[in-house]
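Down below is the structure, laid out as structure tokens.
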There are 2 protein chains.
Amino acid sequence: MTKWSKAELPSRNELRSAKRSALIREAAMAFRSKGFYATSMEDIATALGVTKGALYRYVENKQEILFECFKASNQLGEAALELARWTPGSGLEKLRTFIKYFVEKYIEENTAGGAMVDIGALFPEQRAEIIAGRDRVDAALRTIVQEGLQDGSIVERDPKLTVFTIMGSINWIPSWYSSGGEHGPREIAEIIADIFTRGLQADGQAAARADHPAPARKRKAAPVT
Amino acid sequence: MTKWSKAELPSRNELRSAKRSALIREAAMAFRSKGFYATSMEDIATALGVTKGALYRYVENKQEILFECFKASNQLGEAALELARWTPGSGLEKLRTFIKYFVEKYIEENTAGGAMVDIGALFPEQRAEIIAGRDRVDAALRTIVQEGLQDGSIVERDPKLTVFTIMGSINWIPSWYSSGGEHGPREIAEIIADIFTRGLQADGQAAARADHPAPARKRKAAPVT
DNA sequence: CCTACCGATCGGTAGG
DNA sequence: CCTACCGATCGGTAGG
């Protein structure tokens, strides 16, 4: 217990932030399954093996926890967007990349999301920030859909509604996904991406026409790890 | 004010039930936008221009209102299913009918749905009944997808995940739909149905190829009850 | 990190 | 249908 260099030991701050992360993860899982209001601070504390008051060493209030959940969700969206933008190919292919990545990570890290419906529970400034972030992601996604419309890979003419439809499917996942199910995050991501890729795809594309070098042709099941 | 025959006047019971319906509609709208827990009985009462205590003439408790919302949602599902089953054509065509009808009505009558997430707020027996009903609808929808797989109209191989994906998009609608928007219920229903119809469709079908006499158009009569 | 407590909200009821 | 009130829950804090 002696002689360890400081660098090897978690500093006080690291410990604190590790505990804080655990608190948020635990809360996020509860929010996902029961919603924000139905989850009491006592519930979260019990799940962590401490008493309620102890939680206030790590967060100022309950809303702050929810805020972190929504931030994680938006950050995931940004990351997925970044990846999508770097994906070579048509708008449809970029969109497909977004969906695959977002869904997989969304399921894996149960921090993100939570009861998206209870966004009204945030303080006004928090809510404004979250909504602004989410709107940025939505807008960027719409732009990608537009791109697909222009390069001929996408037929669906309403980018706004299209994006809502996709995000709805994703947001609904926590309400049916169970880690013991027959599909893992990766497979689920694949299937959902398949559905929407085909769903937005220009009709002619599937039946490879000569004048269009089939830019968005569906990629079947890459080898899963 | 005299001489009206009894038949022309709403009976005491009719009045009561009309008021009860109004109560539930008002509550459902609030549940949709704010969720069950964030909506107080006081909120509902104020929206109706009465005081909280008055509501208890029409419902026994708050859960009963939520219960009615979920029942309406299930009933809408059953109705859409009935219609889908009577739709001639492939499994895909039946599924499309379901989506179109369900989405349109779901948006129009704001009774249905509500914060589907807060299903945990119901009493155990209520919850059991709602989940059983929802599962019946889900199962029937999966059967339709299976049908589509067999008649060749659908390619997507996982009926369970397919149905979840569709229902997710639909359940998410209340969180973005505003009655002032550019699309009406009917158009939205059409677009969403389009996306999923294409999304599940066998590749060859859309591009009407001469050598393929549209394999899925073969009519399997047999209207299921 | 715990015990003990407060203040506020809210579902529900009594009594009229 | 209203006024006035109760009982319980729960977020948050004081003090150690």
Side-chain angles (χ1 to χ4, degrees), chain A residues 10-24 26-28 30-31 33-70 114-115 118-127, chain B residues 10-24 26-28 30-31 33-70 114-115 118-127:
Chain A
S11 74
R12 205 159 257 104
N13 272 338
E14 283 167 347
L15 255 178
R16 242 185 84 87
S17 101
K19 289 191 185 178
R20 199 182 115 103
S21 296
L23 154 51
I24 287 165
E26 200 64 45
F31 291 167
S33 57
K34 300 193 300 179
F36 177 76
Y37 295 100
T39 304
S40 70
M41 292 297 275
E42 189 90 46
D43 291 338
I44 301 168
T46 303
L48 291 166
V50 297
T51 54
K52 184 176 62 166
L55 303 183
Y56 289 87
R57 300 271 302 169
Y58 305 95
V59 292
E60 275 195 9
N61 46 46
K62 198 183 172 189
Q63 283 85 351
E64 186 181 333
I65 308 177
L66 187 62
F67 188 45
E68 293 293 342
C69 294
F70 279 112
D118 292 332
I119 196 172
L122 294 172
F123 292 122
E125 313 83 42
Q126 296 176 324
R127 190 166 53 238
Chain B
S11 74
R12 205 158 257 107
N13 272 337
E14 283 167 348
L15 254 179
R16 240 186 86 88
S17 101
K19 288 191 184 176
R20 200 183 114 102
S21 296
L23 187 165
I24 288 165
E26 201 65 46
F31 291 167
S33 57
K34 299 193 299 179
F36 178 75
Y37 295 101
T39 304
S40 70
M41 292 296 277
E42 189 91 47
D43 291 339
I44 301 169
T46 304
L48 291 165
V50 297
T51 54
K52 183 177 60 164
L55 302 183
Y56 290 87
R57 300 272 302 169
Y58 304 96
V59 292
E60 274 195 10
N61 46 46
K62 197 183 174 190
Q63 283 84 352
E64 186 180 334
I65 308 177
L66 187 62
F67 188 45
E68 293 292 342
C69 294
F70 279 112
D118 292 332
I119 197 173
L122 294 172
F123 292 122
E125 313 83 42
Q126 297 175 324
R127 190 166 54 237

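Since the model is a prediction, treat every value here as computed from it, not as a measurement. Residue numbering restarts at 1 for every chain, and letters A, B, ... go by the order of the sequence lines.
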Exercise. Do nucleotides 9-15 of chain D as a string where each nucleotide becomes B, S or -: B if the base has a protein heavy atom under 4.0 Å, S if just the sugar-phosphate does, - if no protein is that close.
Key: --BBB--

Quiz prompt | N61(B) to Y56(B) - nearest heavy-atom pair and separation | solution = CA-CE2, 4.1 Å

Quiz item: Is the backbone N or O of E60(B) less than 3.5 Å from a side-chain atom of E64(B), with the two atoms forming a donor-acceptor pair by type?
Solution: yes

Practice problem: Flag the pair K34(B) and D118(A) as a salt bridge only when some basic side-chain nitrogen lies within less than 4.0 angstrom of an acidic carboxylate oxygen. | Solution: no

Quiz item: Taking the side chain as C-beta and beyond, is there a heavy-atom pair between I65(A) and F36(A) under 4.5 Å?
Solution: no

Exercise. Grab the two heavy atoms, one from R20(A) and one from V59(A), that are nearest each other, plus how far apart they are.
Key: NH1-CG1, 3.9 Å

Practice problem: Scan every strand shown for a Watson-Crick or G-U wobble partner of dG15(C), both distances under 3.5 Å, and answer none if you come up empty. | Solution: dC2(D)

